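Take a look at the structure set out below.
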Amino acid sequence: MPSGGLEYRSRQMALLARLAHERRTDDRIGDLIAEAEAEQRSEDSPEAAQVREIRRDYEMATRLPAELVEEFAKLSSVSQHVWAEARQKSDFAAFRPHLEQLVELSCRKADCLGIPEGGERWDALADTYEPGMRASEVAAVFSPLRDRLSDLIKALGDAPTRPSNAFNEATIDIDAQAAFVREIAGAFGFDFDRGRLDRSVHPFCGGSHCNDVRLTTRFQPTEFNDALGSTMHETGHGLYEQGLPFDMVGLPLGEAISLGIHESQSRMWENQVGRSESFWRWCAPLAQQAIGAPLAELSFEDFYGGANIVRPGFIRVEADEATYNLHIMIRFELERAIIGGDLAVADIPGEWNRMYKDYLGLDVPEDRVGCLQDVHWSMGAMGYFPTYTLGNLYCAQFFDTACEQMPGLTDGFARGEFAPLLTWLRENIHGHGRRYTAGELCERVTGRPLSAEPLIDYLEGKLRPLYGI
Ligand SMILES: [Zn+2]
């Protein structure tokens, strides 16, 4: 959209938000839910879960006044645009008044939604992305992870050997890259009769239901593993969407549970599968065959090592699998403090830079690559960031269980056999829709509550040998 279209577009968005909100909160829906609740059914039946989740959506929507929904939509639409310009110019002062208003509106939103007993304002906002998740619970899994992760990253930084970067430096024709990543998405089980894969500036997974799932990815002449990794990531999201039951479209049991569970699916295919040794035993010769000369001289170690380089950097979306979680923890701590009233918006850049030094050992040179890098806060999405690391945590715990239940699972990757994993995910996770909450699903599938250990054990187990420590 040309920038001149912004103002009227933001009014259109505000109107649509209000109209949708009016329908969602119609009294007649409340009556129908009450009627459904009055019917007898066993508490753990799918129907009971359906009614429970429809009730939850209705309650959340009715707690927000229409004016607030409209005001929020309008402000976030304008703010995203202001943020994009401010980021380009590395000008935090230009974005600051908008962010201050967004924080104020977010606090009003949290108060309308209702702060859970014993909880805090941030919890009410996070609940819209990760139902039931509390800041205190997030902190309880993040802090042990942070301690061991910081030690690991430091040890990798001081390691005597580093994987070769030759794979990432190879220059490869973009059409050849596109054809290859498509093959991989298909090999993982993405159904191209019920989905597409296209190109965009930022990779994403969209679409409207399980039989129309649209993925995008992006390419550069070098950094082929970036294109491959983002394709595998979005394919993981897409496989979850395609695995939701079609006869439940439009109902909670046809929807994903939470952003954290969604992310657990994308990360599993991107990391646990796509950065594993056995995957590369299968993929490296295939890539050499498909791409030809630019990859012909590379060894297996160049591929596998190149896919697993750990290097602290400023930009979250370019971060490797290990340092990524520290980027998230910084954002979580900052937004918790902002929403809790312990940190002023004006002080964000200073705090941000202090934490990057402390957590990642980096001196942030300008806000463009610092606190202005992400779109989330400009959309008013507070409480969103932790879902990325929660996704990594759920993922590692689910994957451990899958490996326990299916001995030889990862050996199959070396033969291009991915169907057993997909079938397991379909049965244990995808097919349930929102029948269970994220916490319930985790306990049901893995037999224990979410913990930091599977993720950190997985990272240490893979990365220490690669770096010779
Ligand atoms: Zn994702």
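Count residues from 1 along the sequence. The structure presented is a predicted model; accordingly, all values stated were derived computationally and were not measured. When reading the values below, keep in mind they use all heavy atoms of this one structure, side chains included, and skip hydrogens, waters and symmetry mates. Indexing begins at 1, ligand by ligand and atom by atom, following the structure's order.
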Of all heavy-atom pairs linking E53 and P252, the shortest is CB-CB, 3.4 Å
Cation-aromatic face contact R182/F192, 6.0 Å, 45 degrees: yes
Less than 4.0 angstrom from a charged side-chain N to a carboxylate O is my criterion; do R434 and D57 meet it? yes
Tell me, yes or no, whether the heavy-atom count around R464 atom CZ, taken from other residues, nucleotides or ligands under 6.0 Å, exceeds 12. yes
Please confirm whether R331 makes a cation-pi placement over Y388, using NZ or CZ under 6.0 Å from the six-membered ring centre and within 45° of the ring normal. no
Using a cut-off of 2.8 Å, find all protein N, O or S atoms closer to the Zn ion (ligand 1) than that distance. H233 NE2, H237 NE2, E263 OE1
For M60, I'd like to know if atom CE has over 12 heavy atoms of other residues, nucleotides or ligands within 6.0 Å. yes
